[in-house]
Q: 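Structure below; questions to follow.
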Amino acid sequence: MRDLEASGELEGLSKKEAKKKASALIGPWAQELAEQIAASVGATGRFARVEAVNGYVNISYNANAVAARLIGEVLDADDRYGLAPADSRAERIMIEHSQLNTHKAAHVGHLRNICLGVAVTNIIRGAGYPTIAATYIGDIGRHVIMCLWCYRQFHQGEEPAGDASRGRWLGEIYAESAARLAFRKDALAFLHTVSKEDPVFVEAIDKMLKYLWRTNTVDGEDIAYLLGRVTHQQEIDVSELRDENVIVTFWPIIGDQLRDEVENAQPAVPEPPADGEEAPAPPSMTPEERLAEWERLNARMADWWPRVPRWEQEVKETFQLWEQKDPAFVTLWETTRGWSLADLRRIFDEFGATFDVWFSESEVEDEGRQIVRELLEQGIAEISDGLPVVKIDEKLGLEQETYRTMPILRSDGTTLYATKDLALTQKKFVEYHADRAIWVVDVRQSLYFDQISKVLELYGFAQAAKNLHLGYEFVALPEGAISSRKGNAPMLEDVRDAILTRAREVIEEKNPELSEATRKEVAWQVGIGALKYAMLARDSNKVIVFDPEEALSFDGHAAPYIQYAHARACRILENAGITDAKFEKALSALDFGETAAEELSLLQSVAALPEVVQRAAAEYRPLHVTNYVYELAKTFNDFYHACPVLKAAEPVRTARLALVAATRTTLRNGLALLGIEAPEVM
RNA sequence: GCGCCUGUAGCUCAGCGGAUAGAGCGCUUGCCUCCGGAGCAAGAGGUCGCGUGUUCGAGUCACGCCAGGCGUACCA
């Protein structure tokens, strides 16, 4: 580069251009040098091939010797190929994932957690670490209390008979309780949105309210307040109203106006924003959607609105029943908990999640309170604004806000998630002797887990410094984020059913001669496999946009592509009437003749699995395995099309068969790490 | 304010400091007398958000911007 500068070749060029020019000038020179090296290395005759390409020297080994050793190793290790010897590492790792709730339905978001947790556990275990797989069931907390309040108040004794459907039914009760309790908030949020986004509405409401005020049907001050809020596009605070139920009177007026807007729809012509003004955000709802949402709320308005405060009170009272361990209530909790647990066991079973330990929130409440007491006694925690907190930054002497302050118990003495997690993590260290605790939990809780770890460090657990929060981003839908308020989250069981149905259709179309039993099994393997792969083939810090359409497609970069390659390999071996044992004596004399590029690529790909497993474990990233297994399938397909196996002449035929057998094993093992099955036919 | 994450082809995403930045979907066109076409081959499609550095070499590392998302004391 300096010589070039001195030569004046680069004069008058920008730095970037100069670099480009320089590399263009250096390129041919580097290639010439590479050719000289290749010639002298090639002359030694120790390598199969030596080439100079773009200034690089590529050296190919003698394939037969390397291939025989590799294939022998794969077939010998069989389902352990790619894995390190069990427990060959010292560090004992506890992985907590699939923290599902009882009394609440699981949705696609939870699926990502299950898939990631299962895969990470397999991979870490496969890399040789002793592991403990744990789940932590949310069997108590506000959601449970809400569900049971709603059950006792509105649905006692209505539960369907039979274990299978009770858990799901309970989930629906929870959803109803959430809708009831959030009713006022939802209605007001809707009104706020409309007043923000619809100037026509604001103007019309202004007139109507003035009319209402003149007719004296409702309190004038409340009218004035509502008017002010709507016209200024501000949120309504119920506590500012003299009569809270004025909203019920007000609601039909809103509907009249929204209906009018739909019926006399004017094509909306957005005004070009004046200079210096920002263009207004497009409305979140069409007039028809607004009306539909109004009607949904209207159907409940007269009944629900006045009762919400009473319900909130009832929920608090229900919480007290739990805190006081009211015998009848505890019995109800145990019974309903059992319904949900039956569901959870089935879900775990279907998605291949097995656990060495089941933790539940209810079992660590008391220990949590104990830790809070000790933290207070030791001066690590203090009472601030009436509740125990740990001012972590202050305790660590940090100038900059980093871990902030963590509340560790509610002011009314009930436990927080943090109360329980402190106890649970201590348990992992003390009772299970974990050297490292990993949480697979969504990324929004990363500060929270840092806080838990730091508090435990302050409390005296040095291991906590090695804790790891394996965060992952959310699953969103094509139309936007999953919102529990909107209730638009596809339920786990519905997603599963949809993909199984689709898998059935595809199998019946592609391979109708399979027996009914096989079709059923393969539909399961392919459908669930596709679902899992979709959850794992994206890096954890990326939002997965779950498009049901796309998830139901089994083409391209997806599990069925890989499974198909595996089925092809199986079929070749089957047609050849070959079993692994038959290769034993052939291996020493493996002869590919003149190895094709596709054979070399495939050998190289097969050889890479052990390294991939180690890397995926070190980085806690199943993505490396998904990428690998896809590449392997692709490389195998290249080989499949370029190199006939059964029709090849000996000794090449045997050599290629051995390579196919090794590939099949490697594909199967790679998929197994992801928790995906490899069907022999599909 | 502070912190974390994201920005690569029309879309969804890969990319272990190294060669001409790769897949899938979608689009165009070929390939079943040949081990299963859930496949293969070819084509079109890129200022790797912007800038400045470090380096023989930067999509990758550092710093600074811009844009979006998330978190930030009694939710889980």
Side-chain angles (χ1 to χ4, degrees), chain A residues 1 15 19 22-23 26-27 30-31 34 53-56 58 99 101 138 141-143 361 384-391 400-421 441-448 450-451 471 473-474 476 478 481 503 506-507 509-511 526 530 534 537-545 547 549-550 553-565 567-576 611-612 615 619 623-624 626-627 630-631 633-634 637-638 640-648 656-657 660 681-682:
Chain A
M1 184 90 188
K15 199 159 181 185
K19 272 192 180 182
S23 67
I26 290 167
Q31 174 63 11
V53 183
N54 296 333
Y56 286 76
N58 294 342
Q99 302 88 342
N101 291 318
R142 188 171 161 81
H143 70 279
E361 290 187 36
S384 169
D385 289 342
L387 70 155
V389 301
V390 180
K391 295 186 173 170
Q400 199 187 11
E401 67 169 46
T402 309
Y403 300 107
R404 308 179 64 94
T405 295
M406 182 165 75
I408 53 176
L409 197 66
R410 284 201 191 90
S411 48
D412 65 3
T414 59
T415 61
L416 288 164
Y417 209 68
T419 321
K420 296 174 264 193
D421 249 331
V441 180
D442 96 74
V443 74
R444 301 184 192 195
Q445 294 174 42
S446 61
L447 172 60
Y448 167 78
D450 284 347
Q451 290 177 326
E473 266 292 350
F474 260 32
V506 174
I507 290 161
E509 177 200 325
K510 308 246 181 197
N511 210 346
V526 170
R538 220 158 243 77
D539 218 344
S540 313
N541 50 16
K542 292 254 171 64
V543 173
I544 291 181
V545 177
D547 187 340
E549 289 292 316
E550 208 174 301
S553 158
F554 295 145
D555 297 326
H557 191 176
Y561 175 91
I562 302 153
Q563 293 171 319
Y564 188 69
R568 267 180 166 170
C570 289
R571 179 53 67 91
I572 292 176
L573 294 167
E574 188 191 315
N575 288 342
E611 190 195 325
V612 169
R615 192 165 149 236
E619 297 176 24
L623 177 65
H624 288 311
T626 62
N627 284 346
Y630 176 68
E631 281 304 318
K634 209 173 172 55
N637 276 330
D638 286 344
Y640 177 88
H641 284 273
C643 308
V645 178
L646 297 176
K647 296 203 163 98
R656 287 183 176 169
L657 277 169
V660 170
V681 291
M682 58 187 280

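Heavy atoms only: backbone and side chains are in, while hydrogens, waters and symmetry mates are out.
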Q: Is there a donor-acceptor contact under 3.5 Å from the side chain of A:Thr419 to the main chain of A:Tyr417?
A: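 Not at all, since once roles are kept as given, no pair shorter than 3.5 Å links the two residues.
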Q: Can you tell me, in whole Å, how much space there is between the P of B:U6 and that of B:A14?
A: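 To the nearest whole Å, 10 Å.
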Q: Looking at B:C35, B:C13, B:G36, which one has an atom nearest to any side-chain atom of A:Arg568?
A: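 The answer is B:G36, which lies nearest to the side chain.
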Q: The side chain of A:Asn541 is closest to which nucleotide in this list: B:G36, B:U6, B:A76?
A: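 Output: B:U6.
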Q: Run A:Asn511 and A:Met682 through side chain to side chain contact (heavy atoms under 4.5 Å, CB included) and show every step you take.
A: CA-CA 7 Å; A:Asn511 210 346; A:Met682 58 187 280; 5.8 Å; no
Q: Ignoring backbone atoms, test whether A:Gln400 places a side-chain nitrogen or oxygen under 4.0 Å from the OP1 or OP2 oxygen of B:G3.
A: yes
Q: Between A:Lys510 and A:Asp539, which is nearer to the 5' end of RNA chain B once each is assigned its nearest nucleotide?
A: A:Asp539
Q: Whole angstroms only, please: what is the OH-C1' distance between A:Tyr640 and B:C32?
A: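 Whole-Å distance recorded here is 10 Å.
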Q: Got a second to check how far A:Thr414's OG1 is from A:Leu409's CG, nearest 0.5 Å?
A: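 Here the rounded value is 7.0 Å.
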Q: How far does the C1' atom of B:G24 sit from the matching atom of B:C40, given to the nearest Å?
A: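 That atom pair is separated by 15 Å.
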Q: Using a heavy-atom cut-off of under 4.0 Å over every strand shown, decide if A:Tyr630 touches base, sugar-phosphate, or nothing.
A: sugar-phosphate
Q: Can you tell me the distance, in whole Å, between the NE2 atom of A:His557 and the C1' atom of B:C13?
A: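 My rounded result for the distance is 9 Å.
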Q: Any N or O donor-acceptor pair linking the side chain of A:Ser411 to the base of B:C74 at under 3.5 Å?
A: yes
Q: How many angstroms lie between CD in A:Glu473 and CG in A:Asp539, if you round to the nearest 0.5 Å?
A: 11.0 Å
Q: Looking for any heavy atom pair under 4.0 Å, which part of the strands does A:Arg571 touch: base, sugar-phosphate only, or nothing?
A: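 It contacts base atoms.
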Q: Tell me which nucleotide among B:C16, B:A38, B:C35 gets nearest to the side chain of A:Ile572.
A: B:C35
Q: With a 4.0 Å cut-off, would you call A:Glu619 and A:Arg615 a salt bridge?
A: yes
Q: Nearest whole angstrom, please: distance from the P of B:G36 to the CG of A:Asn511.
A: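 Nearest whole value for this atom pair: 11 Å.
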Q: Verify the contact: side-chain N or O of A:Tyr564 to OP1 or OP2 of B:A38, cut-off strictly under 4.0 Å; return yes or no.
A: yes
Q: Between A:Thr402 and A:Leu447, which residue's closest nucleotide on RNA chain B lies nearer the 5′ terminus?
A: A:Thr402
Q: If only side-chain N and O atoms of A:Arg410 are considered, is one of them under 4.0 Å from the OP1 or OP2 phosphate oxygen of B:A76?
A: yes
Q: Considering only heavy atoms and no angle criterion, is a donor-acceptor pair shorter than 3.5 Å present between the side chain of A:Gln445 and the base of B:G71?
A: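 No, the side chain and the base share no sub-3.5 Å donor-acceptor pair.
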Q: So A:Val506, base contact, sugar-phosphate only, or nothing? Heavy-atom distance under 4.0 Å.
A: base
Q: Does the structure show a Watson-Crick or G-U wobble partner for B:C56, both distances under 3.5 Å? Name it, or say none.
A: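 Its partner is B:G18 (Watson-Crick or G-U wobble, both distances under 3.5 Å).
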Q: Starting at OH of A:Tyr640, measure out to CZ of A:Arg568 and round the result to the nearest 0.5 Å.
A: 4.5 Å
Q: Suppose we define a pair by two distances each less than 3.5 Å, Watson-Crick or G-U wobble; what does B:C40 pair with here?
A: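 Per the H-bond distance test, B:G30.
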Q: Please give, in whole Å, the distance from B:A41 P to A:His641 NE2?
A: 7 Å
Q: Take atom CZ in A:Arg142; do more than 12 heavy atoms of anything else shown fall under 6.0 Å from it?
A: no
Q: Regarding A:Asp638, tell me which of base, sugar-phosphate or nothing describes its non-hydrogen contacts under 4.0 Å with the strands shown.
A: sugar-phosphate
Q: For the C1' atoms, the ones on B:G49 and on B:C66, what distance do you get once it is rounded to whole angstrom?
A: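 Comparing C1' positions in B:G49 and B:C66 gives a spacing of 7 Å.
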Q: Have a look at A:Leu416 and say if it touches a base, only the backbone sugar-phosphate, or nothing, with a 4.0 Å heavy-atom cut-off.
A: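 Sugar-phosphate only.
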Q: Would you indicate what A:Val681 reaches in the nucleic acid, counting non-hydrogen atoms under 4.0 angstrom: base, sugar-phosphate, or nothing?
A: base
Q: Using Watson-Crick or G-U wobble geometry with both distances below 3.5 Å, tell me the partner of B:C4, or none.
A: B:G69
Q: Between B:C63 and B:A76, how many Å separate the two P atoms, rounded to a whole number?
A: 37 Å
Q: Would you measure the distance from the C1' atom in B:U60 across to the matching atom in B:G69 and give it in whole Å?
A: 23 Å
Q: Give the rounded distance in Å between these two atoms: CD of A:Glu473 and C1' of B:G7.
A: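 Distance check: A:Glu473 CD to B:G7 C1' gives 14 Å.
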Q: Which whole-number value in Å describes the distance from A:Lys647 NZ to B:U33 P?
A: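 So the NZ-P distance, A:Lys647 to B:U33, works out to 12 Å.
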Q: Which of these nucleotides, B:G36, B:C16, B:A23, is closest to any side-chain atom of A:Ala567?
A: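 Looking only at side-chain atoms, A:Ala567 lies closest to B:G36.
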Q: Using the C1' atoms only, state how far B:G26 lies from B:G45, rounded to an integer number of Å.
A: 11 Å
Q: From CG of A:Asp442 over to P of B:G71, roughly how many Å is that when rounded to an integer?
A: 9 Å
Q: Please classify the nucleic acid contact of A:Ile507 as base, sugar-phosphate, or nothing, using heavy-atom distances under 4.0 Å.
A: base
Q: When you measure from the side chain of A:Lys391, which nucleotide among B:A73, B:C70, B:C2 comes out closest?
A: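 Selected nucleotide: B:A73.
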Q: Where the side chain of A:Tyr561 is defined as all heavy atoms beyond and including C-beta, which of B:C74, B:C40, B:C35 is the nearest nucleotide?
A: B:C40
Q: Please pick, from B:A23, B:C35, B:A76, the nucleotide with the shortest atom-to-atom distance to any side-chain atom of A:Lys634.
A: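 Nearest listed nucleotide: B:A23.
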Q: Quick one: look up who B:U12 pairs with, Watson-Crick or G-U, both distances under 3.5 Å, and put none if it's unpaired.
A: B:A23
Q: May I ask you to evaluate whether A:Lys542 reaches the phosphate of B:A14, defined as a side-chain N or O under 4.0 Å from OP1 or OP2?
A: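 Yes, such a contact exists.
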Q: Hey, does A:Cys570 reach any base, or is it just sugar-phosphate, or nothing, if we go heavy atoms under 4.0 Å?
A: nothing
Q: If you look at every strand shown and take non-hydrogen atoms under 4.0 Å, does A:Ser384 touch a base, only sugar-phosphate, or nothing?
A: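 Base: the residue A:Ser384, judged by heavy atoms under 4.0 Å, touches a nucleobase.
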Q: Where do A:Leu387 and A:Val389 land on the side chain to side chain contact (heavy atoms under 4.5 Å, CB included) test, with the steps shown first?
A: CA-CA 6 Å; A:Leu387 70 155; A:Val389 301; 4.0 Å; yes
Q: Side chain of A:Pro560: nearest nucleotide among B:G24, B:G36, B:A38?
A: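 Selected nucleotide (nearest to the side chain): B:A38.
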Q: Give a yes/no answer on whether the side chain of A:Asn637 brings an N or O atom under 4.0 Å of OP1 or OP2 in B:A41.
A: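 Checking A:Asn637 against B:A41: no side-chain N or O falls below 4.0 Å of OP1 or OP2.
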Q: Compare every heavy atom of A:Val645 with every heavy atom of A:Val660, then report the nearest pair and how far apart it is.
A: CG2-CG2, 4.1 Å
Q: With syn defined as a glycosidic angle within 90° of 0 and anti as the rest, where does B:C32 land?
A: syn
Q: Considering just the side-chain nitrogens and oxygens of A:Tyr448, establish if one lies under 4.0 Å of OP1 or OP2 belonging to B:A73.
A: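 Looking at the OP1 and OP2 atoms of B:A73, neither is under 4.0 Å from any side-chain N or O of A:Tyr448.
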Q: Looking only at atom C1', what distance separates B:A21 and B:C48, rounded to whole Å?
A: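 It works out to 8 Å between them.
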Q: Please measure how far the C1' atom in B:G3 lies from the corresponding atom in B:G10, and state the result in whole Å.
A: 35 Å
Q: What's the spacing between A:Asp421 CG and A:Tyr448 OH if we round to 0.5 Å?
A: 3.5 Å
Q: Give none if B:C63 has no partner; otherwise give the nucleotide forming a Watson-Crick or G-U wobble pair with it, both distances under 3.5 Å.
A: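 Check on B:C63: paired to B:G51, both distances under 3.5 Å.
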Q: Using a 4.0 Å heavy-atom cut-off across all strands, classify A:Glu509 as base, sugar-phosphate, or nothing.
A: nothing
